[in-house]
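Taking it in order: structure first as structure tokens, then the write-up.
Letters A, B, ... are given to chains in the order of the sequence lines, protein chains preceding strands, and every chain is numbered from 1.
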Amino acid sequence: MKYQPQEIEKKWQRIWEERGSFHCADTSDKPKYYCLEMFPYPSGDIHMGHVRNYSIADVVAHFKRMQGHNVLHPIGWDAFGLPAENAAIKHKTHPAKWTYDNIANMRAQLKRLGFSYDWRREITTCDPEYYRWEQLFFLKFLEKGLLYRKKAPQNWCPTCNTVLANEQVEEGLCWRCESVVEQKELTQWFLRITDYAEELLADLDTLTEGWPERVLTMQRNWIGKSVGAEISFPVEGGGERITVFTTRQDTVFGATFMSIAAAHPLLDELLAGSPAESAVRDFARKILNADQRDLGPDAPEKEGMFTGRYCVNPFTGERIPIWVANFVLAGYGTGAVMGVPAHDQRDFEFARKYALPIKVVIQPESMAPLRPETMEAAVAEAGRMVNSGEFNGLPNEEGKLRIAERLEQKGLGRRSINWRLRDWNVSRQRYWGAPIPVVYCETCGMQPEKEENLPVLLPLDVVTHDDCRSPLPDTPSFHECRCPKCNGKARRETDTMDTFVESSWYFGRYTDPANNEAPFTPEALARWMPVDQYIGGVEHAILHLLYSRFFVKALRDFGYMACDEPFANLLTQGMVLLGGRKMSKSKGNTVDPTEMIARYGADTVRLFCLFAAPPERDFDWTDAGIEGAFRFVGRVWRLAADLIGKVPAMAPCAAPASSLGKIRELRHKEHATVKKVGDDITSRFQFNTAIAAVMELVNLMYLVKDELLETEAGRAALGSSLSTTLALLFPFTPHLCEELRERLGFSSLLADQLWPVYSDEALVRDTVTIVLQVNGKLRGKLELAADESEDAVKAAALADPNVQKHTEGQSIRKVIFVPGKLVNVVVN
RNA sequence: GCGAGGGUGGCGGAACUGGUAGACGCACUGGACUUAGAAUCCAGCGCUUCGGCGUGGGGGUUCAACUCCCCCCCCUCGCACCA
């Protein structure tokens with residue numbers, strides 16, 4: 001009986017498919033469980049990261065199914081996007097063809113891996129039957145005022161020839177091609193994700209059980225809430241006011257200068273006629289042209305230039321100089337900052353450099369009185385207010401409240417909250433995306449397309465440009481259209497939607513994928529949402545996961561969703577490395593899953609991905625490692641081959657209790673392994689230790705099988721343990737297990753079986769190993785009956801020769817007894 | 001700087017509410033089988049001057065610390081002139 005993975009794997013894939021083993025029911029008495037992995041972009045081939053991701057998810061899906069859940073485990077394709085377009089240009093083909101060919105290829109690869117998807121629910125986002133609903137959402141967002149058009153400087157990737165959302169710019173570089181991102185003034189569509197900023201932040205607290213802490217932190221940082229106040233400073237010699245945002249309004253008495261961004265809208269006006277005009281303009285231009293990458297840790301020296309103008313600190317009445325400074329961001333707050341050198345490190349450095357006055361207004365109680373001349377750094381700590389008029393003596397936290405109140409009373413400003421989060425630019429100047437369903441009419445202006453006219457089809461008969469420009473503006477059959485309102489001449493929007501819009505709601509579409517009257521029904525969503533377990537890479541910690549959370553909240557407010565959050569539990573799996581580095585096609589260090597499957601079979605590849613490390617951690621691919629996994633699979637196969645025909649086909653954990661030594665020991669191990677594997681999968685996704693536990697069971701079976709085959713009770717114990725082994729390994733190596741179970745004599749499928757149930761009685765041991773310690777050091781072990789009395793165990797411990805050797809001539813101070821575990825003799 | 005996660009044999013990694021550190025696997029060594037090798041099966045495998053010493057370093061609590069407390073070092077990831 002030879003192990004031939006290629007044959008048996010294809011055989012069982014066919015059988016499962018024919019029997020619909022992994023189809024999930026829309027109605028069921030069983031509790032629902034929605035297990036989802038981040039769907040793949042059809043880039044060409046499945047890579048090892050996919051295999052790991054989907055192997056993890058498949059264990060969860062199988063396990064939940066075996067525990068009696070109705071499991072939704074779907075798969076689909078995130079099929080719009082730039083790579084298709086770039087590849088199409090390069091290979092002189094069409095993005096659609098490239099995409100669909102890749103999908104066909106990757107679908108076959110996933111099927112070859114034997115994952116337990118309900119393939120009837122497969123979705124493809126570039127299919128009009130998918131994106132038509134996205135266009136409907138676009139209209140809903142527009143109708144609800146959550147979508148608007150605005151002309152503003154945008155992140156522009158010159159290589160991709162399109163704008164990027166803030167989330168898609170990493171350290172000043174394009175997230176996809178790493179080109180330096182430029183700023184370009186464009187009119188774009190924005191989703192008002194900032195309307196949900198407060199809720200997106202607050203609801204992270206509801207995810208603390210199910211999401212990794214670091215993802216929550218990353219989202220909190222990204223949303224970036226700052227509570228403070230806006231304060232207006234009148235400009236001297238003019239009617240203007242400069243408004244600043246600050247979180248430290250308690251330090252306003254210490255504001256000794258004003259700094260504004262080079263792009264501040266008032267700058268022109270301030271400079272007009274000033275003697276410093278041309279110098280300051282040159283300086284501002286230099287800042288504006290500086291490379292964005294220079295921000296952050298390697299930011300250049302703080303630089304500024306006095307504008308020649310002053311404004312008035314409304315609390316002190318002092319005139320303070322207005323500076324243009326390179327560290328003030330035009331896009332955050334109001335683009336102007338009050339300089340409080342004594343209590344802000346950045347302002348402190350700036351003041352020292354340009355000899356601006358430093359004024360202490362907070363005195364921490366634990367510090368000696370602060371003196372500006374001797375300070376070496378700003379003091380940001382809490383303390384009592386000083387030099388602050390009527391507020392003197394207040395703790396600064398209380399001062400924040402009082403000053404905010406006073407601002408509002410006197411009309412000098414107001415309480416304010418600032419967010420780092422910006423609205424989401426969803427316009428893309430590329431072809432391979434979902435068309436935006438609006439037109440621009442010569443008489444009516446912008447008009448949404450009528451719902452009944454959806455989908456607005458992306459034309460497939462276009463001529464692509466070699467320079468990556470979208471062909472849509474040059475395709476009259478697409479953009480020449482009629483106004484939905486007046487039927488006059490109109491031009492269709494030629495920008496397409498960001499592909500992250502597709503992935504922000506696909507998990508909802510799986511609940512009702514064939515619905516051609518609506519994206520989904522509230523009933524289907526209520527039945528399945530939220531996703532119980534979501535699994536994917538941490539690289540989506542902000543982008544996709546934040547957008548999806550926003551979408552769910554918005555769709556809830558439109559009346560679709562019943563839940564507040566899409567993903568109840570999130571597992572971020574680690575990367576598969578090769579030689580300590582991320583696998584990368586361009587660097588040539590990849591391991592091709594197809595090759596590995598051809599050599600070892602899908603079961604082995606899956607098993608290795610799960611055994612090599614806990615799922616959240618990165619692991620290094622090693623040839624020796626997969627050899628080891630293959631060896632174990634072979635070991636299970638040979639064990640079964642040896643036992644088949646000699647042992648009865650028993651259900652897992654079905655062998656009766658026995659008092660005989662090895663039989664009793666095997667049965668104990670069998671039941672203990674069922675408990676351990678179940679616990680490991682349930683509590684912490686500890687697949688590596690779950691597999692290790694089954695290895696131990698298999699090892700024991702090898703050791704005892706010759707002896708147990710001699711007796712009927714022994715054969716029963718082996719038959720039961722073998723069945724248990726196959727059931728426990730089924731989520732990991734499903735084909736192997738089905739095949740062996742069939743050969744063992746079963747006609748039913750493992751795919752239809754429930755998880756084995758251990759009995760507590762079998763876990764009870766009649767003897768225990770008692771560890772003997774003297775002063776906490778290991779000095780021996782005793783094998784004793786489990787029900788031995790405390791006194792008897794202590795006596796036996798003290799009588800142990802090695803214990804006696806180490807206690808000889810010393811007085812015994814006490815004897816610690818831990819039932820079933822150890823005796824520690826304390827001497828001095 | 002802030003936040004999160006780590007630091008355990010030659011390697012990947014175990015160790016539940018403090019109670020045998022190193023499960024399981026890899027590599028390595030020996031044995032069996034074999035004409036031989038591969039494969040397989042069995043056994044050994046932290047260091048050691050054989051007293052002991054060992055979970056990044058130093059203190060502490062405890063009969064007992066990888067685990068709890070205090071101080072420090074290093075690595076990975078994320079965020080960061082955000083006012």
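- Atom CZ in A:Phe630 sits roughly 14 Å away from atom C1' in B:A38 (whole-Å rounding).
- A donor atom on one side chain and an acceptor atom on the other are found under 3.5 Å apart for A:Asn155 and A:Gln183.
- Note on A:Val328: a base of the nucleic acid sits closer than 4.0 angstrom, heavy atoms only.
- Classification of B:G9 as syn follows from a glycosidic angle within 90° of 0.
- Within 4.0 Å (heavy atoms only), A:Tyr332 reaches at least one base atom of the nucleic acid.
- Using a 4.0 Å cut-off, some side-chain N or O of A:Asn699 falls inside it from OP1 or OP2 of B:G25.
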Hey, what are the protein-to-nucleotides 58-60 of chain B N/O distances that come in under 3.5 Å?
none

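- A:Gln773 comes within 4.0 angstrom of a base, heavy atoms only.
- A donor and an acceptor atom, one from each side chain of A:Glu670 and A:Tyr758, are nowhere located under 3.5 Å apart.
- Atom CG in A:Asp679 sits about 16 Å away from atom P in B:A14, given to the nearest Å.
- Remark: A:Asp706 does not engage A:Lys662 in a salt bridge, criterion side-chain N to carboxylate O under 4.0 Å.
- Comparing atom distances between the A:Met218 side chain and each of B:U20, B:A4, B:G78 picks out B:G78 as nearest.
- With B:A83, B:G19, B:A21 as the candidates, the nucleotide lying closest to the side chain of A:Phe245 is B:A83.
- Nucleotides B:U48 and B:G10, compared at atom P, are 10 Å apart to the nearest Å.
- Between A:Glu808 and A:Lys805, no side-chain nitrogen of the basic residue sits less than 4.0 Å from a carboxylate oxygen of the acidic one, so the salt-bridge criterion is not met.
- Comparing B:A27 with B:G13, their C1' atoms sit 14 Å apart, to the nearest whole Å.
- Relative to the side chain of A:Thr246, the nucleotides B:U20, B:A14, B:A83 differ in distance, and B:A83 lies closest.
- Taking the six-membered ring for Trp and thresholds of 30 and 60 degrees, A:Phe608 and A:Phe619 have ring planes more than 60 degrees apart, a perpendicular arrangement.
- B:C70 and B:C77: their P atoms are spaced 28 Å apart (whole Å).
- Residue A:Tyr702 places at least one side-chain N or O closer than 4.0 Å to OP1 or OP2 of B:C41.
- As rounded to whole Å, 21 Å separates atom P of B:U76 from atom CZ of A:Phe619.
- Residue A:Lys814 places no side-chain atom within donor-acceptor reach of the base of B:C63, judged by atom type and a 3.5 Å distance cut-off alone.
- The phosphate of B:A83 (OP1 or OP2) has a side-chain N or O of A:Ser226 nearer than 4.0 angstrom.
- Distance noted for atom P between B:G3 and B:A21: 36 Å (whole Å).
- Side-chain N/O atoms of A:Trp424 and A:Glu167 include no donor and acceptor closer than 3.5 Å.
- Among the nucleotides B:A83, B:C41, B:U20, the one closest to any side-chain atom of A:Thr769 is B:U20.
- In the set B:C24, B:A43, B:G13, the nucleotide with an atom closest to the side chain of A:Pro614 is B:G13.
- Within the nucleic acid shown, A:Gly628 comes within 4.0 Å of sugar-phosphate atoms alone, with no base atom in reach, counting heavy atoms only.
- Distance noted for atom C1' between B:G54 and B:A65: 14 Å (whole Å).
- Between A:Phe253 and A:Lys359 the shortest heavy-atom distance is O-NZ, 2.9 Å.
- Geometrically, A:Arg635 engages A:Tyr702 in a cation-pi contact, judged by NZ or CZ lying under 6.0 Å from the ring centre and within 45° of the ring axis.
- Regarding A:Leu822, its CG atom lies at a distance of 12 Å from the P atom of B:A65, rounded to whole Å.
- Minimum atom distance to the side chain of A:Val826 is reached by B:C63, of the listed B:C63, B:G19, B:C81.
- With B:C53, B:U20, B:C24 as the choices, the nucleotide that has an atom nearest any side-chain atom of A:Met695 turns out to be B:C24.
- Anti is the glycosidic conformation of B:G54, whose angle departs from 0 by more than 90°.
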For RNA chain B, what dot-bracket results from Watson-Crick or G-U pairs at under 3.5 Å, with [ ] for crossers and | for inter-strand partners?
(((((((..(((......[....))).(((((.......))))).((....))..(((((..]....))))))))))))....

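- A:Arg415 and A:Gln249 share no side-chain donor-acceptor pair at under 3.5 Å.
- Atom pair A:Lys2:NZ and B:A38:C1' shows a separation of 14 Å (rounding to whole Å applied).
- Of the two residues near RNA chain B, A:Ala612 and A:Leu703, the one whose nearest nucleotide lies more 5' is A:Ala612.
- You'll find that the side chain of A:Arg214 is closest to B:C77, out of B:C24, B:G19, B:C77.
- Nucleic acid contact for A:Asp618: sugar-phosphate only, since backbone atoms but no base atoms lie under 4.0 Å from a heavy atom of the residue.
- Going from the P atom of B:G56 to that of B:G12 covers 14 Å, rounded to whole Å.
- Note on A:Arg684: only backbone sugar-phosphate atoms sit closer than 4.0 angstrom, heavy atoms only; bases stay farther off.
- The residues A:Lys669 and A:Glu665 are annotated as not salt-bridged, no charged nitrogen and carboxylate oxygen being separated by less than 4.0 angstrom.
- Ring-centre distance between A:Phe327 and A:Phe350: below the 6.0 Å cut-off.
- For A:Ser226 and A:Asn418, the side-chain atoms include no donor-acceptor pair closer than 3.5 Å.
- A donor-acceptor contact under 3.5 Å is not formed by the side chain of A:Asn221 with the base of B:C79.
- The A:Asn824 side chain lies nearest to B:C63 when the options are B:U20, B:A15, B:C63.
- Checking B:A83, B:A14, B:C42 against the side-chain heavy atoms of A:Thr689 singles out B:A14 as nearest.
- Residue contacts shown for A:Arg813 are absent, as no nucleic acid heavy atom lies under 4.0 Å away.
- Atom CZ of A:Phe608 and atom C1' of B:C11 are 12 Å apart (whole Å).
- The interatomic distance linking A:Arg617 (CZ) with B:G5 (P) rounds to 13 Å, in whole Å.
- Using a 4.0 Å heavy-atom distance criterion, A:Asn688 is classed as a sugar-phosphate-only contact.
- Place A:Asp620 and A:Ala624 on RNA chain B by their nearest nucleotides, and A:Asp620 ends up nearer the 5' end.
- An OP1 or OP2 oxygen of B:C42 is reached within less than 4.0 angstrom by a side-chain nitrogen or oxygen of A:Arg635.
- Under 3.5 Å, the side chains of A:Thr243 and A:Ser232 contain a donor-acceptor pair of N or O atoms.
- Note that CG of A:Leu709 is 5.5 Å distant from CG of A:Leu718, once rounded to the nearest 0.5 Å.
- Between A:His806 and B:G51, a side-chain N or O to OP1/OP2 separation shorter than 4.0 Å is absent.
- Contact check, A:Arg631 against B:A27: a side-chain N or O comes under 4.0 Å of OP1 or OP2.
- Nucleotides B:G9 and B:A23 place their C1' atoms 14 Å apart, quoted to the nearest Å.
- Distance noted for atom P between B:C66 and B:G18: 13 Å (whole Å).
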